[in-house]
Protein chains: 2
Amino acid sequence: MVARAKTEAKKEFFALLARRKMRLTSQRLAIVEAVFGTDQHFTAEQLLAWSRLRDPSVSRATVYRTLPLLVQNGFVQALNLGKEETVYDPNYVDHPSHSHIICTDCDEIVEFESEQLAEIESQIRKQLGFQVDSMTLQVTARCGEFRRLGFCQKRERCSHRDPS
Amino acid sequence: MVARAKTEAKKEFFALLARRKMRLTSQRLAIVEAVFGTDQHFTAEQLLAWSRLRDPSVSRATVYRTLPLLVQNGFVQALNLGKEETVYDPNYVDHPSHSHIICTDCDEIVEFESEQLAEIESQIRKQLGFQVDSMTLQVTARCGEFRRLGFCQKRERCSHRDPS
DNA sequence: GTATTTGCAAATGTTTTGCAAGTAA
DNA sequence: TTACTTGCAAAACATTTGCAAATAC
């Protein structure tokens with residue numbers, strides 16, 4: 001399911017390009033359609049592959065040049081999970097305040113929302129005087145089921161990897 | 001100020017080595033003394049420099065081999081701030097539940113604690129059934145003062161960098 | 001027409017690793 | 001003694017960049 005907000009976001013991205021007198025090339029188009037056409041987290045390499053399905057002429061360099069544009073303008077969120085590659089989350093536009101639970105049993109990422117984060121933001125503002133730009137909560141946890149069953153009933157996403 | 005907990009932690013680290021039949025080499029000693037001898041965040045490169053003050057024979061490779069041992073056993077926390085290098089935080093043993101505010105005005109890192117994090121953990125456990133291993137909250141924010149004054153009165157740490 | 005953008009390939013910078021020599025227990 | 005560790009230098013890896021050719025407007 002790709003939410004309405006993503007369709008809006010795509011329009012906003014085109015508007016951003018226009019505002020900055022940047023050109024809407026076929027490569028940029030393929031990349032942003034790939035980004036706004038998924039709910040899944042992705043790496044730069046995956047985005048390259050997805051973009052090439054739409055336009056084979058897209059190069060790795062252009063993907064790496066486009067990603068900061070998307071991140072810096074709030075269209076996707078960059079997650080540094082301590083792994084080698086940066087993971088990008090396209091769901092930021094739909095759920096700006098969600099957090100990520102990384103399951104150490106199966107390495108999958110589960111999203112969740114907590115209204116407590118807004119409280120923390122207000123604490124930071126009032127007690128420390130900072131103006132908050134972004135908050136990223138990363139939780140590593142074990143879903144337990146994976147250990148016991150070899151897969152996660154609770155989280156269908158958690159069933160991809162072999163136990164090691 | 002290097003808290004008592006760090007002295008304890010050092011002992012625990014030696015015990016860990018013994019338990020795993022790993023050897024206490026002069027290089028490992030220099031590295032962990034450097035780690036537990038500071039309250040400052042550091043990069044692998046900085047740790048190499050600090051360690052070499054204690055034992056010039058420490059190599060970059062040994063630092064990179066020792067860091068995962070410290071991280072995986074909860075002696076330091078690894079922060080992936082989206083910058084190039086990983087930053088390590090030696091204050092985890094003193095304040096396991098603290099979070100980090102990265103000031104985008106001056107790139108400095110401010111630590112703070114919030115009891116709300118514990119509430120979120122309990123939510124995750126009860127509502128989603130995960131057993132939480134670690135929580136990292138990273139906030140990017142602007143302290144404002146830097147913009148106005150060119151430095152931060154509020155946070156002495158915020159006065160290192162030139163405005164750009 | 002022309003300023004922006006592209007792909008390519010080389011460069012960068014951090015982190016990892018193979019291996020032979022060194023060393024703690 | 002002998003299994004663990006080390007330093008070195010090369011490798012690996014994601015990401016960035018210079019440049020000449022291509023192209024949106």
Side-chain angles (χ1 to χ4, degrees), chain A residues 13-35 41-73 76-89, chain B residues 13-35 41-73 76-88 107:
Chain A
F13 183 76
F14 296 153
L16 175 78
L17 290 183
R19 215 177 311 127
R20 296 201 184 174
K21 301 202 202 307
M22 296 173 77
R23 294 172 183 176
L24 180 54
T25 61
S26 66
Q27 292 89 347
R28 279 187 183 145
L29 181 61
I31 293 168
V32 300
E33 301 230 294
V35 166
H41 298 163
F42 56 83
T43 62
E45 201 60 26
Q46 284 178 292
L47 179 56
L48 174 63
W50 294 345
S51 303
R52 280 181 168 168
L53 294 178
R54 295 163 193 264
D55 181 343
S57 80
V58 173
S59 73
R60 187 169 286 104
T62 301
V63 167
Y64 275 109
R65 284 174 181 131
T66 305
L67 276 169
L69 201 58
L70 290 162
V71 171
Q72 284 161 22
N73 293 283
V76 304
Q77 193 178 16
L79 303 175
N80 296 97
L81 305 177
K83 303 280 174 179
E84 51 300 331
E85 297 165 283
T86 299
V87 172
Y88 298 89
D89 180 354
Chain B
F13 182 76
F14 296 153
L16 174 79
L17 290 183
R19 216 179 308 128
R20 297 203 183 171
K21 302 202 203 306
M22 296 174 78
R23 295 173 183 174
L24 180 54
T25 61
S26 67
Q27 292 88 349
R28 280 188 181 144
L29 182 61
I31 292 169
V32 300
E33 301 230 294
V35 165
H41 298 164
F42 55 85
T43 63
E45 202 60 26
Q46 283 178 294
L47 179 55
L48 173 64
W50 292 346
S51 304
R52 280 182 167 166
L53 293 178
R54 294 164 194 264
D55 180 344
S57 79
V58 173
S59 72
R60 187 169 285 106
T62 300
V63 167
Y64 274 107
R65 283 173 181 132
T66 305
L67 276 168
L69 200 59
L70 290 162
V71 171
Q72 284 160 23
N73 292 283
V76 304
Q77 192 177 17
L79 303 175
N80 296 96
L81 305 177
K83 303 281 175 178
E84 53 299 330
E85 295 165 285
T86 299
V87 172
Y88 299 88
D107 262 11

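Atoms considered below: every heavy atom in the structure, side chains included; atoms not considered: hydrogens, waters and symmetry mates. All chains are named by letter (A, B, ...) in the order of the sequence lines, taking the proteins before the strands, and each is independently numbered beginning at 1.
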Taken to the nearest 0.5 Å, the spacing of A/H41 NE2 from A/Q77 CD works out to 8.0 Å
Among all residues two or more places apart in sequence or in another chain, which pass the side chain to side chain donor-acceptor pair (under 3.5 Å) test with B/E85? none
Expected output: side-chain B/T62 to main-chain B/V58 donor-acceptor under 3.5 Å: no
Going through the checks in order, is the side chain to side chain contact (heavy atoms under 4.5 Å, CB included) test met by A/L48 and A/Y64? CA-CA 9 Å; A/L48 174 63; A/Y64 275 109; over 6 Å; no
Rounded to the nearest 0.5 Å, what separates atom CZ in B/R65 from atom OG in B/S59? 6.5 Å
Report the residues that fulfil side chain to side chain donor-acceptor pair (under 3.5 Å) with A/T66, sequence neighbours left out, ordered by chain and then residue number. none
Mind grabbing the angle between the end helix axes of the helix from C/dG1-D/dC25 to C/dA25-D/dT1? Five pairs an end, 10° rounding. 30°
CZ (B/R28) and CD (B/E33) are apart, to the nearest 0.5 Å, by 14.5 Å
Please examine the side chains of B/T43 and B/Q46, heavy atoms only from C-beta on, and report whether any two atoms are closer than 4.5 Å. yes
Within residues 61-73 of chain B, residues whose heavy atoms come under 4.0 Å of DNA chain D: B/A61, B/T62, B/R65
How close do A/A30 and A/S51 get, counting heavy atoms only, and between which atoms? CB-O, 3.8 Å
Toward the 5' end of DNA chain C, which comes first, A/R52 or B/E85, by nearest nucleotide? A/R52
If you look at every heavy atom in A/Q27 and A/D55, which pair is closest and at what distance? N-OD2, 3.9 Å
Under 4.0 Å between any heavy atoms, over every strand shown, what does B/T86 touch: base, sugar-phosphate, or nothing? Just pick one. sugar-phosphate
Give, for atom CG of A/L81 and atom CG of B/N80, the distance between the pair rounded to the nearest 0.5 Å. 8.0 Å
Can you tell me how far the CG atom of B/L47 sits from the OH atom of B/Y88, to the nearest 0.5 Å? 9.0 Å
Under a 4.0 Å heavy-atom cutoff, the residues of residues 16-32 of chain B touching DNA chain C are B/R23, B/L24
Between P of C/dT23 and CG of B/D55, the distance in whole Å: 11 Å
Rounding to 0.5 Å, atoms CZ (B/F13) and CD1 (B/I31) come to a distance of 8.5 Å
How would you give the extent of chain A contacts on DNA chain D, as first and last nucleotide 5' to 3' within a 4.0 Å heavy-atom cut-off? D/dA14 to D/dC25
